[in-house]
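Working notes, beginning with the structure itself.
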Amino acid sequence: MDKKIYNIYQKLYDVYGAQGWWPLVNHPKKYHKLDYSYPHTSNEIFEVCLGSILTQNTTFISVEKSLQNLKSLNALDPKSIVNLDIEVFKTAIRPSGYYNQKAKYILEFIKFFEDLDGKIPTREELLLVLGIGEETADSILLYGYKQTQYKVDAYTKRIFLSLGLIPNSYKYKDIKNLIESNLSNIITNKQQLLIVYQEFHALIVQHGKNYYSKKPYGAGCFLSN
DNA sequence: AACCAGGACGTGA
DNA sequence: TCACGTCATGGT
């Protein structure tokens with residue numbers, strides 16, 4: 001069994017430590033480091049979903065502003081958002097960009113979320129919702145519903161490509177399968193696997209910001225083995 | 001001042 | 001299936 005991917009995870013964890021994703025606005029430290037019990041409530045699950053949509057192709061700092069705006073409006077829950085004037089809602093999420101699209105996506109998602117009535121959605125169900133693609137679906141499942149679904153992102157492909165672990169032709173599903181099959185073969189404990197998935201993705205984003213955001217990608221990266 | 005950010009969708013080959 | 005344009009604000 002090839003342990004290359006797991007070794008990368010361990011190296012990143014050694015360097016950066018636990019990341020404490022998904023950040024929640026009502027948590028005193030936002031990033032609840034080493035506490036994997038979150039989200040605790042339906043509203044916190046919804047906040048993860050909301051953040052997952054808002055963070056599409058945007059920095060989370062911008063998303064935090066949007067979430068704070070909604071919190072100030074007392075509207076950090078599905079019902080309150082629906083009851084907001086649509087223009088007020090759009091203005092609130094404006095810092096995250098694509099606010100017209102995202103407002104529509106979020107309202108679509110709220111209908112779906114309410115219909116779930118507390119049940120855990122399947123990945124297939126999520127993908128049917130307008131505005132929920134593969135990455136957002138995995139984000140919602142991994143961080144909102146604590147499901148062992150690995151979340152791939154642009155940094156993941158960039159890093160793995162740079163390290164020669166995948167060909168350029170690999171698509172989202174290929175990368176997801178590679179990582180999940182590797183890690184799930186090494187980590188047999190499901191709870192531990194969930195923690196590793198959650199931390200690994202967050203670590204890759206942190207590392208990606210440091211070494212893979214501007215060209216030449218990977219300059220100074222310490223992961224080459 | 002171009003470029004990028006914790007992507008998804010619609011369209012036409 | 002795939003490449004390409006569109007969506008948009010905010011930081012570097």
Side-chain angles (χ1 to χ4, degrees), chain A residues 9 12 16 18-25 30-33 38-39 47-70 86-110 112 121 123-145 149-162 167-176 179 196-219:
Chain A
Y9 163 72
L12 291 176
Y16 300 111
Q19 299 298 297
W21 281 31
W22 190 274
L24 294 165
V25 292
K30 287 191 296 192
Y31 292 87
H32 41 91
K33 191 173 296 188
Y38 290 98
E47 185 183 328
V48 175
C49 301
L50 185 58
S52 296
I53 295 171
L54 287 175
T55 198
Q56 289 169 359
N57 204 34
T58 322
T59 63
F60 202 81
I61 294 177
S62 301
V63 174
E64 285 177 341
K65 289 180 190 164
S66 301
L67 295 177
Q68 282 300 336
N69 288 341
L70 289 173
I86 182 65
E87 293 306 322
V88 171
F89 178 54
K90 285 183 178 178
T91 300
I93 65 170
R94 191 169 177 227
S96 302
Y98 311 114
Y99 58 90
N100 289 305
Q101 275 196 345
K102 286 177 179 174
K104 185 193 213 175
Y105 292 171
I106 289 164
L107 291 177
E108 287 293 316
F109 177 78
I110 287 175
F112 172 77
R123 193 168 189 272
E124 290 68 32
E125 287 170 339
L126 282 167
L127 290 174
L128 291 177
V129 181
L130 180 66
I132 310 265
E134 295 200 272
E135 181 176 346
T136 305
D138 287 331
S139 182
I140 288 170
L141 290 170
L142 179 59
Y143 293 109
Y145 290 95
Q149 296 281 344
Y150 190 77
K151 176 186 178 186
V152 178
D153 75 324
Y155 285 132
T156 313
K157 176 163 186 179
R158 211 175 278 176
I159 292 171
F160 278 44
L161 188 60
S162 175
N168 192 30
S169 59
Y170 261 37
K171 321 218 80 167
Y172 187 100
K173 187 169 289 184
D174 303 316
I175 302 171
K176 177 180 168 75
I179 294 175
V196 170
Y197 281 6
Q198 290 189 340
E199 292 290 1
F200 196 18
H201 172 72
L203 287 164
I204 279 181
V205 171
Q206 183 57 57
H207 188 64
K209 283 178 182 170
N210 290 348
Y211 299 104
Y212 290 84
S213 61
K214 50 183 192 284
K215 298 173 186 175
Y217 295 144

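What you see is a predicted model; the values in this text were computed from it and never measured. To find a chain, count down the sequence lines: A is the first, B the second, and so on, and within it residues start at 1.
- L67(A) places its CG atom 16 Å from the C1' atom of dG10(C), with the value rounded to the nearest Å.
- As rounded to the nearest Å, dG11(C) and dA1(B) have C1' atoms that lie 13 Å from one another.
- Put simply, the residue from Y172(A), Y197(A), Y9(A) that forms a ring-ring contact (aromatic ring centres under 6.0 Å, His included) with Y150(A) is Y197(A).
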Provide a list of protein-nucleic acid N or O atom pairs under 3.5 angstrom, restricted to nucleotides 3-5 of chain B.
{"residue": "dA5(B)", "atom": "OP1", "partner": "R158(A)", "partner atom": "NH1", "Å": "3.0"}

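- Between A202(A) and Y143(A), the shortest heavy-atom distance links the atoms N-OH, 3.7 Å.
- Checking the phosphate oxygens (OP1, OP2) of dG11(C), a side-chain nitrogen or oxygen of K65(A) falls inside 4.0 Å.
- A salt bridge between K176(A) and E134(A) is absent, with no side-chain N of the basic residue lying under 4.0 Å from a carboxylate O of the acidic one.
- The cationic atom of R158(A) (NZ for Lys, CZ for Arg) lies less than 6.0 Å from the six-membered ring centre of Y217(A) and within 45° of the ring axis.
- Looking at heavy atoms from C-beta onward, L126(A) lies in side-chain contact with F112(A) at the 4.5 angstrom threshold.
- For dG5(C) and dC4(B), the P atoms lie 15 Å apart once the distance is rounded to whole Å.
- Note on E135(A): only backbone sugar-phosphate atoms sit closer than 4.0 angstrom, heavy atoms only; bases stay farther off.
- Residue T136(A) places at least one side-chain N or O closer than 4.0 Å to OP1 or OP2 of dA8(B).
- With C1' as the reference atom, dA2(B) and dA8(C) are 16 Å apart, rounded to whole Å.
- In this structure, K30(A) places its NZ atom where only 12 or fewer heavy-atom neighbours from other residues, nucleotides or ligands lie under 6.0 Å away.
- Backbone-only engagement by L130(A) is indicated by non-hydrogen atom pairs under 4.0 Å involving sugar-phosphate atoms exclusively.
- Contact annotation: the side chain of N69(A) never approaches that of I93(A) to less than 4.5 Å [non-hydrogen atoms, C-beta and beyond].
- Residue I132(A) is classed as a sugar-phosphate contact, given heavy-atom separations below 4.0 Å to backbone atoms only.
- If you check every strand for non-hydrogen atoms under 4.0 Å, G97(A) touches a base.
- Among the atoms of the strands shown, none is found under 4.0 Å from any heavy atom of F200(A).
- Residue contacts shown for K171(A) are limited to sugar-phosphate atoms, with no base heavy atom under 4.0 Å away.
- Taking for each of G131(A) and K151(A) the nucleotide of DNA chain B with the nearest heavy atom, the 5'-most of the two is the partner of K151(A).
- Nearest-nucleotide mapping onto DNA chain B: of Y105(A) and T55(A), the residue sitting toward the 5' end is T55(A).
- Counting to the nearest Å, the C1' atom of dA8(B) and the CD1 atom of I53(A) are 11 Å from each other.
- In this structure, the CZ atom of R94(A) is 15 Å from the P atom of dC7(C), given to the nearest Å.
- Residue-level contact check: V129(A) touches the backbone only, with heavy atoms under 4.0 Å from sugar-phosphate atoms and none from bases.
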